[in-house]
Amino acid sequence: MNREAEERDGTQNDPPDDSSGDALYAALKRYEGRAAATAGTGKDAVNEPMIRHWCEAMGDTHPAYRGPAAVAPPTMLQAWTMGGLSGHTDRSAAYDELFGLLDGAGFRSVVATDCEQEYLRPLRPGDRITFDAVIESVSARKTTKLGTGYFVTTRMDVRADGEPAGTHRFRILKYAPAGRTSGPGPRPEPAPTRDPAPDPAAVPRRPRPVVNRDNAGFWAGVAEHRLLIQRCGGCGRLRFPWLPGCQACGSPEWDTVEAGGAGSVYSYVVMHHPPFPAFATPGPVEDAPAPHTASPYAVALIELAEGVRILGNVVGVPYDEVRIGMPVRLEFRRVDPELELPFFRAGGAG
């Protein structure tokens with residue numbers, strides 16, 4: 001995000017005319033030009049399976065990415081440098097120190113804002129990737145709609161078999177969410193509020209589910225308060241979401257079984273931003289500290305007793321009490337006059 005983009009997005013210097021008085025900014029600026037990673041090595045060589053998965057995910061069918069003379073899509077440049085869930089061990093102490101300063105000053109939240117790439121040569125299967133990264137710049141303090149913080153830009157120089165292959169710039173905002181003060185030490189969370197239920201006619205509708213010939217039976221079941229799971233007519237495997245054929249044996253034959261309703265939280269996220277009134281929690285006041293507000297709310301991957309998993313909202317407890325392994329029980333709720341959806345009540349009670 002450049003300066004013009006920051007202005008368009010409503011950011012501004014904070015304080016407007018006195019960045020020189022910001023002691024933290026002066027300390028952060030000293031990290032500019034220092035290494036963020038040195039002699040990094042890609043965990044895998046450029047390879048055809050990753051190229052294929054990328055193209056399938058992006059819907060990119062360009063013939064240059066297939067066949068014996070295939071090259072990798074240029075936008076995969078960063079993908080070959082990623083450390084995966086196990087991470088990289090080549091990150092510098094300076095990088096950790098910089099983010100430690102920001103965290104210690106209360107700027108603990110992070111959001112990616114921009115990336116820029118320059119391509120110097122195609123990447124081909126078999127190329128070994130190495131890279132160096134530098135902390136290129138730290139902005140003056142900015143105020144955005146998310147909160148107040150600092151933009152940090154890292155530049156990565158990527159090589160393939162020792163030859164320059166491209167440059168990747170990645171910019172993030174380290175910030176204190178709006179409504180909270182920055183500074184060392186813990187900050188109290190805002191007290192929960194109980195808003196009155198809004199006029200149903202004034203609440204925006206949730207996005208409509210996409211109903212097609214492959215999943216129409218599922219939504220017909222929801223309308224009858226039944227959660228239907230596909231069962232393969234060839235191998236008997238249960239599957240969800242609904243698909244036209246079995247991923248295990250390829251059979252196009254199937255029937256359905258009805259879920260009993262028991263399950264547990266396999267994983268979850270709590271949505272804080274952006275607020276979206278259409279996703280207000282429907283139902284009784286006790287289901288959330290702030291019912292009928294758009295956020296925060298918990299979205300969970302529920303593992304049903306039958307062994308398949310489904311996404312849904314967890315209700316019955318405040319969003320910050322949802323935990324992995326928590327037992328839940330299926331229920332159906334009307335979210336507007338035309339739509340009912342499956343929800344999952346914490347506790348597993350029927």
Side-chain angles (χ1 to χ4, degrees), residues 1-16 18-43 72-84 87-121 123 127 129-160 162-176 182:
M1 179 181 293
N2 57 30
R3 294 185 184 276
E4 291 180 359
E6 289 169 5
E7 295 300 325
R8 287 196 301 270
D9 287 352
T11 60
Q12 58 186 19
N13 289 343
D14 183 18
D18 192 21
S19 296
S20 60
D22 184 346
L24 176 61
Y25 176 55
L28 298 175
K29 288 288 284 183
R30 288 196 286 270
Y31 286 86
E32 289 186 345
R34 296 179 65 179
T38 303
T41 302
K43 289 192 170 181
T75 49
M76 286 188 75
L77 182 68
Q78 186 195 19
W80 309 109
T81 70
M82 289 182 170
H88 274 298
T89 59
D90 42 33
R91 195 167 66 187
S92 73
Y95 186 88
D96 290 334
E97 289 170 10
L98 172 65
F99 281 81
L101 281 175
L102 288 162
D103 289 342
F107 302 100
R108 298 184 177 95
S109 297
V110 62
V111 62
T113 64
D114 189 27
C115 73
E116 303 169 6
Q117 293 184 338
E118 179 183 8
Y119 310 118
L120 301 177
R121 87 154 176 79
L123 298 179
D127 284 342
I129 301 301
T130 56
F131 58 90
D132 296 306
V134 65
I135 301 165
E136 190 169 64
S137 66
V138 182
S139 77
R141 189 180 298 186
K142 302 286 183 176
T143 296
T144 74
K145 292 179 181 178
L146 286 178
T148 299
Y150 300 83
F151 290 94
V152 179
T153 303
T154 305
R155 188 190 77 242
M156 179 181 292
D157 296 310
V158 181
R159 297 178 296 277
E163 298 179 6
T167 299
H168 175 83
R169 282 183 173 84
F170 192 66
R171 187 171 293 114
I172 64 169
L173 173 65
K174 283 283 286 180
Y175 67 99
S182 61

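Only heavy atoms go into these numbers, but all of them, side chains included; no hydrogens, no water, no symmetry mates.
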Problem - Contact summary for A36 and I135, nearest pair of heavy atoms - result: CB-CG1, 4.1 Å

Practice task
Indicate yes or no for a side-chain donor-acceptor contact from D132 to the backbone of A39 under 3.5 Å, with no hydrogens or angles considered.
Solution key: yes

Practice task
Can you sort out the partners of A79 under side-chain contact (heavy atoms from CB on, under 4.5 Å), two or more places apart, ordered by chain and number?
Solution key: W54, M76

Problem - Qualifying residues under side-chain contact (heavy atoms from CB on, under 4.5 Å), relative to R34, sequence neighbours excluded - result: Y31, A94, E97

Exercise for the section: Look at the rings of H168 and F170 and say which category their plane angle falls in: under 30° parallel, 30 to 60° tilted, over 60° perpendicular. Expected result: parallel

Problem - For the student: nearest non-hydrogen atoms of L123 and A165, plus distance - result: CD2-CB, 3.7 Å

Exercise for the section: Measure across R155 and E136 and return the closest heavy-atom pair with its distance rounded to 0.1 Å. Expected result: NH1-OE2, 3.2 Å

Problem - Lys/Arg-Asp/Glu bridge criterion (N-O < 4.0 Å) met for D157, R159 - result: no

Practice task
Can you see which heavy atom on K174 is nearest to which on R108, and at what distance?
Solution key: NZ-O, 3.6 Å

Exercise for the section: Using atom types as modelled and distance alone, determine if a side-chain donor or acceptor of K43 lies under 3.5 Å from a backbone N or O of G83. Expected result: yes

Exercise for the section: Take L24 and F107 through the side-chain contact (heavy atoms from CB on, under 4.5 Å) test and state the conclusion after the steps. Expected result: CA-CA 11 Å; L24 176 61; F107 302 100; 3.6 Å; yes

Handout entry: N-O pairing of R169 and D114 below 4.0 Å
Key = no

Handout entry: Result of checking T41, T130, V158 against T81 for side chain to side chain contact (heavy atoms under 4.5 Å, CB included)
Key = V158

Handout entry: Any residue meeting side-chain contact (heavy atoms from CB on, under 4.5 Å) with V111, in chain and number order, not counting sequence neighbours
Key = T113, L146, L173, Y175

Fill in the blank from the handout: Between the CZ atom in R141 and the CG atom in L28, the distance rounded to the nearest 0.5 Å is 9.0 Å

Handout entry: Atom of A133, atom of T154 and distance for their closest heavy-atom approach
Key = CB-CG2, 4.1 Å

Handout entry: Nearest-0.5 Å distance that lies between atom CG in L98 and atom CD in E32
Key = 9.5 Å

Practice task
Kindly determine whether Y95 and V152 satisfy side-chain contact (heavy atoms from CB on, under 4.5 Å), including the steps that lead there.
Solution key: CA-CA 11 Å; Y95 186 88; V152 179; 5.9 Å; no

Practice task
Write down the atom of E118, the atom of L77, and the distance for their closest heavy-atom approach.
Solution key: O-CD2, 4.2 Å

Exercise for the section: Kindly assign one of parallel, tilted or perpendicular to the pair Y25 and Y150, based on the angle between their ring planes and the thresholds 30° and 60°. Expected result: parallel

